[in-house]
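Shown next, in structure tokens, is the structure this report addresses.
All residue numbers in this chain count up from 1 along the given sequence.
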Amino acid sequence: MICYSLYPSAFGELAIAASDSGLVAIDLQTGQRPLVAKREWQRQATSLTDAAAAQLQAYFAGERQVFDLPLDAAGTDFQRGVWQSLCAIPYGETRSYRELAEAIGNPKAVRAVARANGANPLSIVVPCHRVIGADGTLTGYAGGLEMKARLLALEGALIG
């Protein structure tokens, strides 16, 4: 069973969902793409959703740079490979979609990498906000470009 709960944060309301194995989804409820609980999901906080909320609060306060949480995101093998590569982007740094495609050993898969990045269900913990355009501009983010800029500013990442 997947349980989810909502948590307030300095960056907006967080929706966090977890299975018995790990986090399933994290979403900043910015109005851009709200987490929609599936019918079989139960609205109930768990020790894992509470732990994720606490780690995210520490991140927003500038007190945490790395997350220590089990993950259980559903996706294809390709998507999971991209998401794993996202986790390798250090706090405060960015990569282009091309650099990410090269990192997974498939430099021609830039568009597929961008789609996998956009399908990331674990916002912030799997740091898709750290991926920018090849020219250094901010590009697509499910939470909106303003939120992406706020997250990169929090991390001190240089843009442009």
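- Using a 4.5 Å cut-off on side-chain heavy atoms (C-beta onward), S123 and Y141 make contact.
- Ring geometry for W41 versus Y4: interplanar angle of 30 to 60°, hence tilted.
- Within the 3.5 Å criterion, the main-chain N or O of A119 finds no donor-acceptor partner in the side chain of W83.
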What do the steps show when you test T46 against D20 for side chain to side chain contact (heavy atoms under 4.5 Å, CB included), and what is the final call? CA-CA 10 Å; T46 68; D20 291 336; over 6 Å; no
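- Counting only heavy atoms from C-beta outward, the side chains of V113 and V131 never approach each other to under 4.5 Å.
- Counting heavy atoms from C-beta on, the side chains of L122 and L69 never come closer than 4.5 Å.
- Here the side chains of S9 and Q57 are in contact, with some heavy-atom distance below 4.5 Å.
- The shortest side-chain heavy-atom distance between L14 and L28 falls under the 4.5 Å cut-off.
- Shortest non-hydrogen contact noted between F78 and A112 is CE2-O, 3.5 Å.
- The side-chain heavy atoms of E155 and Y59, taken from C-beta on, include a pair separated by under 4.5 Å.
- Residue S85 holds its OG atom at 10.5 Å from CG of N117, rounded to the nearest 0.5 Å.
- Here the shortest heavy-atom pairing between P70 and S21 reads CB-O, 3.6 Å.
- The two residues S96 and A134 make their nearest non-hydrogen contact at CB-CA, 3.9 Å.
- To the nearest 0.5 Å, the span separating OG1 on T139 from CG on L145 amounts to 7.5 Å.
- The backbone N or O of D68 lies less than 3.5 Å from a partner atom in the side chain of Q55, making a donor-acceptor pair.
- In this structure, the side chains of T49 and C3 stay at 4.5 Å or more apart for every pair of heavy atoms.
- Contact detail for A15 and L6: the closest heavy-atom pair is CB-CD2, 3.6 Å.
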Side chain to side chain contact (heavy atoms under 4.5 Å, CB included) between I124 and I26: does it pass, once the steps are laid out? CA-CA 8 Å; I124 303 170; I26 298 172; 5.7 Å; no
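- Contact detail for D72 and S19: the closest heavy-atom pair is OD2-OG, 2.5 Å.
- Between the OG1 atom of T137 and the CD1 atom of I132 there is a distance of 7.5 Å, given to the nearest 0.5 Å.
- Summarising the local packing, CD of E93 is surrounded by more than 12 heavy atoms from other residues, nucleotides or ligands at distances under 6.0 Å.
- Classification of the F60-F11 ring pair by plane angle, with boundaries at 30° and 60°, yields parallel.
- With a 4.5 Å cut-off on side-chain heavy atoms, L86 and R130 do not count as touching.
- P90 approaches R95 most closely through the heavy-atom pair CD-NH2, 3.6 Å.
- Contacts of R80 classified as salt bridge (charged side-chain N to carboxylate O under 4.0 Å, His left out), with partners at least two apart in sequence or in another chain: D77.
- Atom CG of residue L151 and atom CG of residue L138 lie 10.5 Å apart, to the nearest 0.5 angstrom.
- More than 12 heavy atoms of other residues, nucleotides or ligands sit less than 6.0 Å from atom CG of D50.
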